[in-house]
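Heavy atoms only: backbone and side chains are in, while hydrogens, waters and symmetry mates are out.
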Amino acid sequence: MTFLFKTGSLKDKLKAILQATFTHSRNLAFFVFTYKSLLAAQEKVQGGKWQIHSFLAACVGGWLVFGENNHINSQINMYLLSRVLFGLSRLAVEKGYIPEPKLDVFPLFSALVWGFVLWLFEYHRHTLQPSLQSSMTYLYDDSNIWHDISDFLVYNKPKSAK
């Protein structure tokens, strides 16, 4: 994505990729350390392991490590949110809180996700995350204008006026 949508030299792009990779791995390491430490402390203080310990340790770790609103944390949190919602949906069925669907709901899920994202893109673009805006602008706006076959083989950027 950096090579496709970011501007700058090859060196700048590689530096951005390495910085993002470092930040991502550092944050995950700090989170795991925080989570495991708090989990162990709760178990030691309370003399046992309970489900709430995991939740509380993760909440504190999430706040401390992933609470800063930046593009790396945003990506990680959005990635997790989608999986959490899927997991909670499955748990709700498993526990009997909602009935198990008779038909495959994935087509409806897909339709709603794509319907909402394109509606937001077309009418409330500013609400979408910048990297998603860039990707969608390329796919749905920039594709309206093309110059030759290279636009489909390489990135379709507007030709500069000569």
Side-chain angles (χ1 to χ4, degrees), residues 1-140:
M1 297 303 285
T2 297
F3 285 108
L4 192 57
F5 296 114
K6 296 271 185 186
T7 57
S9 68
L10 176 62
K11 182 181 175 183
D12 291 339
K13 290 177 182 181
L14 289 174
K15 185 178 176 183
I17 290 169
L18 290 174
Q19 181 62 44
T21 302
F22 172 77
T23 301
H24 181 260
S25 59
R26 183 199 62 210
N27 286 3
L28 287 174
F30 284 164
F31 177 82
V32 171
F33 177 78
T34 302
Y35 172 75
K36 298 288 253 174
S37 298
L38 291 173
L39 209 54
Q42 289 177 97
E43 187 173 350
K44 178 116 174 120
V45 167
Q46 296 190 330
K49 187 175 180 181
W50 298 322
Q51 287 185 29
I52 191 70
H53 291 166
S54 176
F55 179 78
L56 292 175
C59 283
V60 171
W63 181 284
L64 294 174
V65 177
F66 295 106
E68 181 184 338
N69 189 1
N70 60 49
H71 66 280
I72 300 295
N73 290 347
S74 180
Q75 287 288 342
I76 292 169
N77 288 336
M78 286 188 295
Y79 172 86
L80 287 176
L81 176 63
S82 65
R83 277 127 182 100
V84 166
L85 293 175
F86 258 85
L88 289 173
S89 298
R90 289 180 177 141
L91 184 61
V93 169
E94 182 183 297
K95 296 286 185 182
Y97 301 135
I98 60 173
E100 185 165 355
K102 303 279 188 253
L103 302 171
D104 183 10
V105 295
F106 196 80
L108 176 61
F109 164 75
S110 297
L112 291 173
V113 166
W114 283 96
F116 280 126
V117 77
L118 266 298
W119 172 73
L120 285 169
F121 177 72
E122 294 292 348
Y123 299 102
H124 305 281
R125 190 172 298 196
H126 67 281
T127 65
L128 296 173
Q129 194 217 18
S131 66
L132 181 59
Q133 285 181 41
S134 294
S135 299
M136 295 185 81
T137 297
Y138 174 69
L139 292 169
Y140 301 106

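Here Q75 contributes atom CD and N70 contributes atom CG; the two are 10.5 Å apart, rounded to the nearest 0.5 Å. Rounding to the nearest 0.5 Å places CG of N73 at 10.5 Å from CE of M78. For the atom pair CG (L128) and CG (L120), the distance works out to 5.0 Å, reported to the nearest 0.5 Å. Here the CG atom belonging to L64 is positioned 11.5 Å from the CG atom belonging to N27, to the nearest 0.5 angstrom. Annotation: the span from F121 atom CZ to L139 atom CG amounts to 8.5 Å, rounded to 0.5 Å. Going from atom OG1 of T21 over to atom CZ of R26 covers 12.0 Å, rounded to the nearest 0.5 Å.
Between F30 and F33, the distance from one ring center to the other does not fall under 6.0 angstrom.
Nearest heavy-atom pair, A57 versus L38, reported as atom, atom and distance to 0.1 Å: CB-CB, 3.7 Å. Closest non-hydrogen pair, S89 versus I98, comes out as O-CD1, 4.2 Å.
The shortest side-chain heavy-atom distance between L28 and F66 falls under the 4.5 Å cut-off. A heavy-atom distance below 4.5 Å is found between the side chains of M136 and V117. In this structure the side chain of Q42 never reaches within 4.5 angstrom of the side chain of K49, judged on heavy atoms. Contact check for W50 versus F55: no side-chain heavy atoms found under the 4.5 Å cut-off. With contacts defined as side-chain heavy-atom distances shorter than 4.5 Å, the pair L118/Y140 qualifies.
Heavy atoms from other residues, nucleotides or ligands lying under 6.0 Å from CZ of R125 number more than 12. Crowding of D104 atom CG: a count of heavy atoms from other residues, nucleotides or ligands under 6.0 Å exceeding 12.
Using the six-membered ring where Trp is involved, Y35 and F31 have ring planes that are parallel, under 30° apart on the 30 and 60° scheme. Ring geometry for H126 versus H124: interplanar angle over 60°, hence perpendicular rather than tilted (30 to 60°).
A donor atom on one side chain and an acceptor atom on the other are not found under 3.5 Å apart for N77 and S74.
In terms of modelled atom types and a separation under 3.5 Å, the side chain of S135 and the main chain of S131 share a donor-acceptor contact. No side-chain donor-acceptor contact under 3.5 Å links T23 to the backbone of A20.
Remark: R83 qualifies as a cation-pi partner of Y79 under the 6.0 Å distance and 45° angle criteria applied to the six-membered ring.
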